[in-house]
Asker: 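Before anything else, here's the structure in question.
Below, each value reflects all heavy atoms present in this structure, side chains not excepted, and no hydrogens, waters or symmetry copies. Since the model is a prediction, treat every value here as computed from it, not as a measurement. Residue numbering restarts at 1 for every chain, and letters A, B, ... go by the order of the sequence lines.
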Amino acid sequence: MDIQFPQIIFQMINFGLVLFFLTRLVYKPVLKLLEDRKKKVAEAAKAAEQVLQEKEEIEKLKESTLLKANQKAKKIEDEIRKEAKNDAKLLLERSKEEISAKEAKFSSELAKLKKEELKSMEAEVKKAALVIAEKVLGSSIDGKKHQKLIDDSINEIIESL
Amino acid sequence: MLQINIASAIALSDIQKKKLEASLQKKYSKEELAFNYQVKEELIAGLSVSVAGRLYDTSLRARLNQLASKI
């Protein structure tokens with residue numbers, strides 16, 4: 001078997017051409033495509049990471065807002081409870097004052113009524129006592145006593161003249 | 001003439017009238033006196049003498065009234 005140099009050279013040139021075209025037309029575009037894809041994946045991963053981070057921040061914000069809202073609601077509830085308690089206390093005090101005033105008024109009216117009633121009774125008793133005295137004295141004085149009383153009256157009048 | 005009104009629970013005897021009149025004459029010696037006697041059972045006992053706007057009331061009724069005003 002003879003070595004044919006021109007054939008070898010031709011094969012080498014041919015191989016070189018094929019290599020050149022393959023490198024130029026296939027390898028570089030594929031490499032570029034892979035690079036682009038890698039970049040896109042990296043960007044997507046970054047974006048995903050950012051989204052996750054944002055999500056975490058939103059979660060944190062949500063929790064914080066919820067906590068604040070709960071605290072505010074608790075504070076409002078406490079204030080309302082406190083206010084209601086104060087109102088109830090005030091109402092109770094007012095009621096007590098009103099009851100005391102009514103009691104005092106009632107006692108005063110009762111005392112007044114009692115006094116009036118007593119006064120009226122006293123007057124009635126006086127009248128009755130006078131009537132009884134008149135009856136008793138009128139019936140118990142006989143003629144002799146009358147004369148004695150007349151004599152005493154005359155002496156008394158003479159003394160006072 | 002000075003009017004003297006004498007009211008008593010029963011009629012006065014002459015002795016009693018004279019005694020009273022004598023005392024009144026002595027008190028009002030400058031005046032001419034006219035005595036008016038009345039029997040008032042409501043006086044209960046004793047008598048009252050009204051003279052020159054003054055009243056001398058020693059009746060039992062007057063005493064009871066005084067007592068009533070005090071109580």
Side-chain angles (χ1 to χ4, degrees), chain A residues 92-161, chain B residues 2-71:
Chain A
L92 193 72
E93 277 172 13
R94 274 186 200 163
S95 299
K96 276 183 185 173
E97 278 171 14
E98 276 177 22
I99 287 167
S100 294
K102 278 183 184 174
E103 270 180 358
K105 196 181 169 189
F106 179 72
S107 297
S108 166
E109 280 174 7
L110 194 71
K112 196 179 166 188
L113 210 68
K114 211 171 165 182
K115 203 175 172 183
E116 281 171 7
E117 197 61 32
L118 210 66
K119 208 173 172 182
S120 166
M121 275 172 74
E122 271 179 12
E124 289 297 319
V125 168
K126 277 181 196 173
K127 271 185 196 170
L130 205 62
V131 168
I132 291 165
E134 278 176 26
K135 298 265 182 198
V136 170
L137 289 171
S139 62
S140 67
I141 299 171
D142 58 11
K144 209 174 173 182
K145 282 180 186 169
H146 260 304
Q147 290 304 325
K148 172 84 170 62
L149 285 166
I150 292 282
D151 286 338
D152 289 347
S153 287
I154 289 168
N155 289 334
E156 206 177 318
I157 287 168
I158 289 168
E159 277 175 24
S160 61
L161 279 171
Chain B
L2 187 63
Q3 296 289 328
I4 297 177
N5 298 311
I6 300 160
S8 57
I10 56 164
L12 300 182
S13 65
D14 290 339
I15 299 167
Q16 287 166 336
K17 280 181 184 175
K18 276 180 185 171
K19 189 178 177 183
L20 193 60
E21 285 171 11
S23 298
L24 288 164
Q25 283 287 357
K26 198 177 171 185
K27 169 80 177 170
Y28 301 101
S29 55
K30 292 176 185 171
E31 309 270 351
E32 194 180 340
L33 305 179
F35 296 96
N36 307 308
Y37 290 95
Q38 264 186 306
V39 173
K40 286 185 178 175
E41 285 183 6
E42 62 264 30
L43 295 180
I44 307 170
L47 77 153
S48 73
V49 176
S50 170
V51 54
R54 287 192 70 181
L55 180 69
Y56 301 92
D57 195 346
T58 57
S59 67
L60 201 54
R61 157 71 60 197
R63 293 187 198 286
L64 279 173
N65 286 342
Q66 282 174 4
L67 184 68
S69 66
K70 277 182 185 172
I71 58 173

Asker: Name the option with the most non-hydrogen atom pairs under 4.5 Å to chain B; the candidates are A:Leu149, A:Ile154, A:Ile141, A:Asn155.
Answerer: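 The option with the most such pairs is A:Ile154.
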Asker: Give the member of A:Ile150, A:Asp151, A:Asp152, A:Val125 that has the highest number of heavy-atom pairs under 4.5 Å with chain B.
Answerer: A:Ile150
Asker: So does B:Glu21 have more than 12 non-hydrogen atoms from other groups sitting under 6.0 Å from CD?
Answerer: yes
Asker: Look at B:Lys27, B:Arg61, B:Arg54, B:Lys26 and state which one has the largest set of heavy-atom pairs under 4.5 Å with chain A.
Answerer: B:Arg61
Asker: Where does B:Leu60 contact chain A at under 4.5 Å (heavy atoms): side chain, backbone, both or neither?
Answerer: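 For B:Leu60, the side chain is the part near chain A, not the backbone.
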Asker: Looking at CD1 of B:Ile15 and CD of A:Gln147, how far apart are the two atoms once the value is rounded to the nearest 0.5 Å?
Answerer: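 Rounded to the nearest 0.5 Å, the CD1-CD separation comes out at 9.5 Å.
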Asker: Could you give the distance from CD1 (B:Ile10) to NZ (A:Lys145), rounded to the nearest 0.5 Å?
Answerer: 13.5 Å
Asker: Using side-chain contact (heavy atoms from CB on, under 4.5 Å) as the criterion, point out the one residue from B:Val51, B:Leu24, B:Leu47 that pairs with A:Ile157.
Answerer: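 It is B:Leu47, the one option of B:Val51, B:Leu24, B:Leu47 that forms the side-chain contact (heavy atoms from CB on, under 4.5 Å) with A:Ile157.
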Asker: Is the number of heavy atoms from other residues, nucleotides or ligands within 6.0 Å of CD (A:Glu116) greater than 12?
Answerer: yes
Asker: First locate atom OG of A:Ser153, then atom CD of B:Gln16, and finally report the distance between them rounded to the nearest 0.5 Å.
Answerer: 9.5 Å
Asker: State whether the number of non-hydrogen atoms from other residues, nucleotides or ligands found under 6.0 Å of A:Glu117 atom CD is greater than 12.
Answerer: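 No.
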